[in-house]
Structure formats: structure tokens, C-alpha cells
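Hydrogens, waters and symmetry mates are skipped; everything else that's a heavy atom, side chains included, is used.
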Amino acid sequence: MSPFRWDVLLVGFVLAVPVLALGLRGDFSTEEMVSRLPWCLLAGWVVVALVRAVAAPPKPAPKRRRRPAARPTPAEGPEPG
């Protein structure tokens, strides 16, 4: 699974919002903020991978093929007469 899929990027952005807010507020320097953003992308990738693994539908059971009805053998058939 690519780390640049739209769902991974969206979750990574949602996880990066607090980091960006702390950077804008002044709690993080620009260097600290930029160094933490790739971790948000990694965390987004992990979250999406886990959700996809848990939410994957179960594999369908193999369909059983019906055998054609057995034809009666002459010994089993209707008796003449």
C-alpha cells in the first residue's frame, strides 16, 4: 500500500493538525514542527493499514459444485414385467 494514497494523506493531515497548531502557537520551533510531520504521515499509514486489515470482508467460502444425479444402473432400475 502506497504511503501517498488519498486516505493515508487525509489521515496524516488530520494527525498533523495538532502539530501545525502547536507550531503556529509558538510551542514548537519551525525545525521541531517540520521534523514531526513525517511521523504524522507514518502514523496515518499505520492507521489506514490497521483499519483496512480489520475491516476487510471475510473471504467467501468456495462454492460446492453439485454432482449430476447418478443414473440408475440396470440392477437398480425397474424390474421388467
Side-chain angles (χ1 to χ4, degrees):
M1 179 171 61
S2 172
F4 297 112
R5 293 173 42 102
W6 68 269
D7 50 354
V8 173
L9 292 175
L10 181 66
V11 173
F13 177 74
V14 169
L15 294 173
V17 168
V19 173
L20 294 171
L22 288 170
L24 290 174
R25 198 169 86 169
D27 292 342
F28 287 155
S29 67
T30 306
E31 182 180 316
E32 288 176 322
M33 185 176 65
V34 170
S35 68
R36 291 173 194 242
L37 289 178
W39 290 103
C40 296
L41 180 63
L42 177 66
W45 184 81
V46 169
V47 167
V48 170
L50 286 174
V51 169
R52 283 179 171 250
V54 170
K59 294 181 182 178
K63 294 182 179 179
R64 297 182 117 188
R65 294 185 180 178
R66 296 181 68 188
R67 294 184 180 176
R71 295 184 181 169
T73 59
E76 296 174 356
E79 296 185 21

In terms of hydrophobic clusters joined by side-chain contacts under 4.5 Å, are [X] and [Y] together?
X	Y	result
Val11	Val46	yes
Leu50	Val14	no
Leu22	Leu24	no
Val47	Val17	no
Val19	Phe13	yes

Problem set entry | Reported CZ-to-CZ distance for the pair Arg52 and Arg5, which is rounded to 0.5 angstrom | 3.5 Å

For this session: Taking all non-hydrogen atoms of both residues into account, name the closest pair between Ser35 and Glu32 and its distance.
Result: OG-O, 2.8 Å

Problem set entry | Shortest non-hydrogen contact between Ala16 and Cys40, atoms and distance | CA-SG, 3.6 Å

Problem set entry | Side-chain heavy atoms of Leu20 within contact of Leu37, under 4.5 Å | yes

For this session: Please lay out, stage by stage, how Leu41 and Leu15 fare under the test side chain to side chain contact (heavy atoms under 4.5 Å, CB included).
Result: CA-CA 8 Å; Leu41 180 63; Leu15 294 173; over 6 Å; no

